[in-house]
2 protein chains.
Amino acid sequence: MLHALSDPVRLRIVRYLAAAGEDLACSVFDLPVSKSTTTHHFRVLRENGVIRQCYRGTAKMSTLRRDDLERLFPGLLDSVLTAAARQADRLGG
Amino acid sequence: MLHALSDPVRLRIVRYLAAAGEDLACSVFDLPVSKSTTTHHFRVLRENGVIRQCYRGTAKMSTLRRDDLERLFPGLLDSVLTAAARQADRLGG
DNA sequence: GCCGTACTACGATAAGCATCGTATTACGGC
DNA sequence: GCCGTAATACGATGCTTATCGTAGTACGGC
């Protein structure tokens, strides 16, 4: 799980999902990697229990499993998210 | 930082340190890896700002940088520690 | 000065992982 | 049926990293 979040691309995906607060199709993510690599990262997140995926038409929707994560690792996701946001601010400003 | 904590050996070291609440010599750790590998992991933790090290006689003491981590990543360390403890319980019982 | 303990440095190795391109599957619209 | 879009599967590649053994450094006790 920590490993799943320790990659910058994956952390970015999780931040997108958390900010959106709803299901998102893989295609809406603006990531600095190729399509195949994106698929790979989504798979890692899914296999580590961070997200859930389901098809809706031709799009594959991804959901953050907030509740499950909160049960297994209380407070962890929020800590990571706020820390990541802070770090992004620091680098951006 | 997440990467530093995402290795089981390193997480174990951090847990030891947190539980002890004081400086510990590298040698007191009972880790399932060789001496060289232990040194390597301590180096990773140090270079990622998780611990601080200083010599005391022939022993090299390691300290957890709780305050610094708390400032940069509020709540993260505690979340990780409690989650790790819980997971250890689950596997042990 | 010599030895033992504690740790580091270095080189080697094997495994893991992020990345890519291409081919393939699945679905909806025409 | 055909095409475009969305995503996966697969194989390849190159970098990172975890691991080890051996050799070396630093320090304290005798």
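No hydrogens, no waters, no symmetry mates; every other heavy atom, side chains included, goes into these values. So you know, we letter chains A, B, ... as the sequences are listed, proteins then strands, and number each from 1.
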Worksheet item: Roughly, in whole Å, what's the span from CG in B/D7 to P in C/dG16?
Response: 13 Å
Worksheet item: Can you check whether A/L69 reaches A/L76 side chain to side chain, under 4.5 Å on heavy atoms?
Response: no
Practice prompt. Indicate yes or no: does A/D78 engage A/R66 in a salt bridge with an N to O separation below 4.0 Å.
Written response: yes
Worksheet item: Looking at side-chain heavy atoms only, is the closest gap between B/R65 and B/R46 below 4.5 Å?
Response: no
Worksheet item: So do A/L17 and A/T63 actually touch side chain to side chain, heavy atoms under 4.5 Å?
Response: no
Discussion item. Reading DNA chain D from 5' to 3', where do the contacts with chain A start and stop? Cut-off is 4.0 Å to heavy atoms.
Written reply: D/dA6 to D/dA9
Response to the item:
Ordered by number, residues from residues 25-47 of chain B within less than 4.0 Å of DNA chain D (heavy atoms) are B/V33, B/S34, B/S36, B/T37, B/H40, B/H41
Worksheet item: Quick one: does A/L45's side chain get under 4.5 Å of A/H41's, heavy atoms only?
Response: no
Worksheet item: Quick one: are B/L77 and B/L64 in side-chain contact, heavy atoms under 4.5 Å?
Response: yes
Worksheet item: What nucleic acid atoms does B/R10 come within less than 4.0 Å of, heavy atoms only: base, sugar-phosphate, or nothing?
Response: sugar-phosphate
Worksheet item: Between A/R71 and A/D68, is there a side-chain N and carboxylate O pair less than 4.0 Å apart?
Response: yes
Worksheet item: Separation of B/I13 atom CD1 from C/dC7 atom C1', in whole Å?
Response: 14 Å
Practice prompt. Can you sort out the partners of B/E47 under salt bridge (Lys or Arg N to Asp or Glu O under 4.0 Å), two or more places apart, ordered by chain and number?
Written response: B/R43
Worksheet item: Distance check: side-chain N/O of A/H3 vs OP1/OP2 of C/dG16, anything under 4.0 Å?
Response: no
Worksheet item: A/M61 has an atom CE; how far is it from atom C1' of C/dA26, in whole Å?
Response: 17 Å
